[in-house]
Asks: 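What follows is a structure written as structure tokens; I'll ask about it next.
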Amino acid sequence: MLFNTPLFFVFFVVFLLFYGFIFLRRKPRVYFILVSSLVFYGAWNYAFIPLLVGSAVADYFLAQAIAGAPTKSGKKFWVTLSIAMNLGILAIFKYADFVLQSVADLLLVFGYSPSIPTLAFVLPVGISFYTFQSMSYTIDVYRGDMEPRKGLVEFTAALSFFPQLVAGPILRARQILPQFHKIPLPTWVNAKHGFLLITVGLMKKTVADLLAAPAATAFDATGPVSTLETWTGVLAFAGQIYGDFSGYSDMAIGLALLLGFQIPLNFRLPYFASSPVDFWRRWHISLSTWLRDYLYISLGGNRGGHRTRNVLITMLLGGLWHGAAWTFVAWGAFHGALITLTHWLGRLTPFRPWSESKSLGVRVIKWAFTFYLMLLGWVLFRANSLDSAWDIVVNMHTFSDVAVGQVGAKAILALTMAAVVLMHLLDLFVLTKADKLENKPWLFWLLLVIAQGLCLMVGEPSTEFIYFQF
Amino acid sequence: METTMNTATDPATIRRHYFKVLLAIAIGMSLALGIVRFFTYVNNASADTFLGRVLESRDALPRIIEQPEDLVLFYGSSMVQAGFSPRQFDAAMAERGAQTKSFNFGFGGLNPLFQEIYARRIREAFEDNDRRLKLALIEFNPFQTTKTRRNRARSAEDSFTAILASPGELMQAVIDDPERGLRMLNIRYLRDGVSAEMITSFFGEPFQARRLRSELPRDEEADARAQELGEELGKRFEAEYPDYQGENWRWQWQGGGTIPEERPADTLALFEEYYEVTVTDYSQDNDRLSRIHTADIINLDFDPELVEAFIGIVENFKAISDNVEVVLLPKNTDWIQNPPEALDRMYAVMERIEQETGVRVRDFQEIEPVKNSYFSDTTHLNRYQGAVAFTQFLVDQYAGLID
């Protein structure tokens, strides 16, 4: 059930009718959110509802066991069990076939051709998001950062809260559980901001869908692709994945706001980043902070002279989180290497003035170079194989005008660039000027209606969100 | 922007708040949809403009069913629309003692996927009234059944399907796949048949790969004369058919076109000259290149789903017809020549249709009475030579079946 479909519209209106007019007390509301979230999830594949609920129930009781364990080793046992269970679910549903296939490929290199069966499980939508969310709860309880919550239904409802269930942002238990304990009523100011975010998210998703075709020209071509088309394709994918994912996040935050819940920002103008480190402070913030808090710090963080190792492991696993393929591993490794390099260069005396400079010229150069590196990263992320990624990178850097026959290649490049800029301008506007617009009701509603009308007019409504597959 | 929490629990406050939220959603979405409708209106895009002829013929079905004569229906593409004259067919049949009422159900722009859906509507109309066709002629059009043709129509698939589906089918779609079903309902009832993909495709057209243009020289004198004749024939049509209201599917003509018997001799003479000046090497070559680009008319790489849909069309007509025949319409062999491998593919598909439906497929692509000069372009027969000759040919072929 995609946010930008008539089905979700009907679902949400019906939800609001019950939520706003029938279930007015806290407990029935929590139950109703849970049931609605399961209906929302079941619209994809109801067979995985037990997995979602089971995972929540298990972590709920494991958190109680952690808190109740009298010894440190007892607590460690229960938290290990929770982590093993969550990672085990991910391993079975998401990574088993990848591992088996990789083993088979490796054996082939050594001259063996074993017939290794694949499990071919259907990947439950949103599994990477809700398992991480659930794990953060037991780890927080283990670390003593929060008390275990009383109320299984409340916990399950929070974990499966439909606006953020299938593609994040990845909420921490301490962010969302207190809100379920005292379900808030949004102010009209919040509701208006929610409407604005939903509209901006919808616009970004619409633009992202339109960028899918030029991206496919470069990444899925079966014939030769010109240098110009390759650059256009890579840029289009950079725009597509940003619009698609940040658009989803915006809509999720906006929908939650309409219900009174607050979900933190997940993107902060990522392509304005001035370094790879800066990029990860702006891109998929809920994942990067999760990885920092629960993986990087657990590995030892900056301590003990193992920063490089820990960064590389964190980013490698972060890459793998996105998908079970070597391209994602390579993408994670690439970003790990970039972050390590950035740290190293920052420590070198000749580069210090450069890294600390506030001059516009230096900032523009840093921004341009960072954006170029991010584009290279997206090649790894989107390519169908490592070989294909290499071909595309080569194609980007060697001139070829042999085209696949796309008409108006320069116009498409211009439109693609405009689309990427437009999406960032929209975000910049929301971050800096939303208050002013929301205080001018006529202009606010007029712009929202026009924007919604434009989004309804064009687009490919059947296009799934890219991050659903993660 | 800083958001603030409100922990009010007073039911009236909660209801008031959500009433405002729902009101904003209702008004906002209505206005946004209004913008879409306004855009489609000013661009003259609607179910009627895409499928006007189909919808008009659908409206005529109750009246068709009431006709007392033996009913004949020729179902197919724009080649049927141009090449079959129902009134001439009925007159020739009457001369042979058979009382028929035939109808031209040829529609441009419908591939077999859409034709199959409409065939279901025709079948329902006949079955609901316990009426049968004496003869159903179904055109198998090879180049309407290709992958290229299918890909060209992808952006219209949901739209055409939503327009042609019955309310029952739409509800079933909602049950089977709520996401798609509600999309279809939205397209059908709120967007007047115009899907977002269609609008996107419209805007994306300038970026589609362009087709080749003919490099043959243009005959500018002929073009100028064709323009003059076209204007003159337009005026004559208005004078000779004052009651014509711009119908796409006209009951008085039984869905076909005008016939030579009702046109003055000097108009027919003008038409002869018109055919000569409009059919030039340049125009034919250009049309051929266009058909290659949009329908793969030479290589004929068939789309299995379209072939499947075509078989569905035949099955629908079998349920309501005493006789069903599948036919291939005449081909302009001066311009359309298929390589042997394309012909092999075509024969294989024809054989499959025969095997799966038990209906004979007759190849009228190269028949003696229809000459290549009877075409108005590379695929369509002209009205006063081609349609006349082909309709007479059909009478000769099928009179025996109807008698």
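Labels below follow one simple rule: chain letters A, B, ... track the order of the sequence lines, proteins then strands, and each chain is numbered from 1.
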Asks: Taking CD in B/Glu341 as the centre, count heavy atoms belonging to other residues, nucleotides or ligands within less than 6.0 Å. Is the count above 12?
Replies: yes
Asks: Return yes when atom CZ of B/Arg15 has more than 12 non-hydrogen atoms of other residues, nucleotides or ligands closer than 6.0 Å, and no otherwise.
Replies: yes
Asks: For A/Ser246, give me all partners under side chain to side chain donor-acceptor pair (under 3.5 Å), at least two apart in sequence or on another chain.
Replies: A/Lys204
Asks: Counting a contact as any heavy-atom pair under 4.5 Å apart, which residues of residues 38-55 of chain B contact chain A?
Replies: B/Phe39
Asks: Return the option, out of A/Leu259, A/Leu265, A/Leu448, A/Thr432, with the maximum number of heavy-atom pairs under 4.5 Å with chain B.
Replies: A/Leu259
Asks: Take A/Leu456 and B/Arg191 through the side chain to side chain contact (heavy atoms under 4.5 Å, CB included) test and state the conclusion after the steps.
Replies: CA-CA 10 Å; A/Leu456 289 179; B/Arg191 303 179 63 113; 4.1 Å; yes
Asks: Looking at B/Phe19, I want to see if its CZ is surrounded by more than 12 non-hydrogen atoms of other residues, nucleotides or ligands under 6.0 Å.
Replies: no
Asks: So what's closer than 4.5 Å to chain B heavy atoms on A/Ile198: side chain, backbone, both or neither?
Replies: neither
Asks: Find the distance between CG (B/Leu185) and CG (A/Leu7) and round it off to the nearest 0.5 Å.
Replies: 11.0 Å
Asks: With a 4.5 angstrom heavy-atom cut-off, could you sort out which part of B/Leu31 is near chain A: side chain, backbone, both or neither?
Replies: both
Asks: Nearest 0.5 Å, what's the CD1-OH distance between B/Ile14 and A/Tyr19?
Replies: 8.5 Å
Asks: What part of A/Phe8 gets closer than 4.5 Å to chain B, counting heavy atoms only: side chain, backbone, both or neither?
Replies: neither
Asks: For B/Arg120, does the CZ atom have more than 12 heavy-atom neighbours from other residues, nucleotides or ligands under 6.0 Å away?
Replies: yes
Asks: Could you report the tightest heavy-atom contact between B/Val36 and A/Gly453, atom names first, then the distance?
Replies: CG2-O, 3.7 Å
Asks: Determine, stepwise, if the pair A/Val13 / B/Met29 fulfils side chain to side chain contact (heavy atoms under 4.5 Å, CB included).
Replies: CA-CA 12 Å; A/Val13 167; B/Met29 288 308 284; over 6 Å; no
Asks: Search all heavy atoms of B/Asn186 against all heavy atoms of A/Pro6 and return the closest pair with its distance.
Replies: ND2-CG, 3.7 Å
Asks: May I ask you to check whether B/Tyr18 and A/Phe21 place their ring centres under 6.0 Å from each other?
Replies: no
Asks: What's the spacing between A/Phe12 CZ and B/Ile25 CD1 if we round to 0.5 Å?
Replies: 5.5 Å
Asks: What's the separation between atom NE2 in B/His17 and atom OG1 in A/Thr187, rounded to the nearest 0.5 Å?
Replies: 7.5 Å
Asks: Can you tell me how far the CD atom of B/Glu179 sits from the CH2 atom of A/Trp44, to the nearest 0.5 Å?
Replies: 7.5 Å
Asks: For A/Phe195, is it the side chain, the backbone, both, or neither that has a heavy atom closer than 4.5 Å to a heavy atom of chain B?
Replies: side chain
